[in-house]
Amino acid sequence: GPFLRDDPRGQKLPDYFTQLVQVVERDNATVKTELESLTRHVDHIKVLVASQHSRARPSDVVETFDVDTLLEDAIRLSATAHGNHGIDVVRRFDKLPPATLDRHKALQILLILFGNARDAVLARPLGERRIIVHTRRAESGELEIAVEDNGCGIDTVNLDRIFGLGFTTKPTAQGLGLHYGACAARELRGRLSVHSDGLGTGAAFLLALPFGAPAA
């Protein structure tokens, strides 16, 4: 008692404990937010892992979802898996209606595109790495998601081969990602295409999907 009342060091303890409580509450709130985010994505992660390990036939489970939310999930998951590495992600989201598709399959295609764009922009120095994500409704009525990067680009002689099974220019890759993405887009009754003016000019991948698909 006398220490807390009379000693200058003791007199500081109540304020210290008050601040400590505030810090603990703030840290608990941060942990709670992270856990909620993790819980939201557990189902996605399970589906992705199962697909990569077993290459099982896609489930074709159709659900209605918000396109912007799907893109934000993909951006967040790709950042969690790989780190942002100083990459500026520019969002250009048009106002769109909900889509009714196999959400997990669409998410996996986007993760492949974001991972590919990330690898491409790492060739540029910090402060110059940029990925632009644009969602829009095409004149055909389709949902279009464009993922553009200012990275290493694609040799024009490889544009016709980029989605081929086993084709890759990365020394440690197996050439499965973009091939799977193109196949998954077709299974969703859509298509995946790419444009690049050559090495050093960046690349733009365009995922075109119907806004609605019947259940399998």
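Computed over heavy atoms, backbone and side chain alike; hydrogens, waters and symmetry mates excluded. We count residues from 1, following the sequence as given.
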Separation between CZ of F163 and CZ of F205, rounded to the nearest 0.5 Å: 5.5 Å
Which heavy atom in L101 sits nearest to a heavy atom in G212, and how many Å separate them? CD2-C, 4.4 Å
Quick one: does L20's side chain get under 4.5 Å of T18's, heavy atoms only? no
Look at the side chain of T30 and the backbone N and O of R26, then say whether any donor-acceptor pair between them is shorter than 3.5 Å. yes
When Ile, Leu, Val, Met, Phe, Trp and Tyr are grouped by side-chain heavy atoms lying under 4.5 Å apart, directly or through other members, which residues fall in the same group as V23? none
Can you tell me how far apart CD1 (I131) and CG (D88) are? Round to the nearest 0.5 Å. 9.5 Å
Could you tell me the separation between the CG atom of L178 and the CG atom of L113, rounded to the nearest 0.5 Å? 7.0 Å
For A185 and I109, the nearest pair of non-hydrogen atoms, with its separation, is N-CD1, 3.6 Å
Of the non-hydrogen atoms in D197 and H195, which two are nearest, and what is the gap between them? OD1-NE2, 3.1 Å
Between V194 and L199, is there shared hydrophobic-cluster membership here, with clusters defined by ILVMFWY side-chain heavy atoms closer than 4.5 Å? no
Please report the closest heavy-atom contact between S196 and T201, naming both atoms and the distance. OG-OG1, 3.5 Å
Nearest atoms (heavy-atom pairs only) where T64 meets P98: CG2-CB, 3.7 Å
What I want to check is whether the side chains of D15 and Q19 have a donor and an acceptor closer together than 3.5 Å. yes
With H134 as partner, the option from L71, L206, D94 fulfilling side-chain contact (heavy atoms from CB on, under 4.5 Å) is D94
Tell me if a side-chain donor or acceptor on Q11 pairs with a main-chain N or O of L4 at a distance below 3.5 Å. no
V133 vs V89 side-chain heavy atoms within contact, under 4.5 Å: yes
Does any part of the side chain of T135, heavy atoms only, come nearer than 4.5 Å to the side chain of K95, both counted from C-beta? no
CZ on R130 to CZ on R124, rounded to 0.5 Å: 7.5 Å
How about H104 and V61: do any of their side-chain heavy atoms sit closer than 4.5 Å? no
Pair D73 + R76, salt bridge at N-O below 4.0 Å: yes
Distance only, no hydrogens: is a donor on one side chain within 3.5 Å (strictly under) of an acceptor on the other, for H85 and R129? no
Name each donor-acceptor pair under 3.5 Å that joins a side chain in residues 154-161 to protein atoms two or more places apart or in another chain, with its distance.
from, atom 1, to, atom 2, distance (Å)
D155, OD1, V157, N, 3.2
N158, OD1, R161, NH1, 3.2

With rounding to the nearest 0.5 angstrom, report the CD1 to CG distance, I132 to N150. 7.5 Å
Heavy-atom side-chain proximity of V147 to N116 below 4.5 angstrom: no
Strictly by salt bridge (charged side-chain N to carboxylate O under 4.0 Å, His left out), give each pair with a member in residues 134-145 just once, sequence neighbours left out. R136-E144, E142-R191
Lys/Arg-Asp/Glu bridge criterion (N-O < 4.0 Å) met for R91, E72: yes
Within the 4.5 Å heavy-atom criterion, are L143 and P210 side-chain neighbours or not? no
Residue pair F211 / G141: nearest heavy atoms and the distance that separates them: CD1-O, 3.3 Å
Measuring from atom CG of N28 to atom NZ of K32, what distance do you get when rounded to the nearest 0.5 angstrom? 10.0 Å
Taking atom CZ of F3 as the centre, report whether more than 12 heavy atoms of other residues, nucleotides or ligands fall under 6.0 Å from it. yes
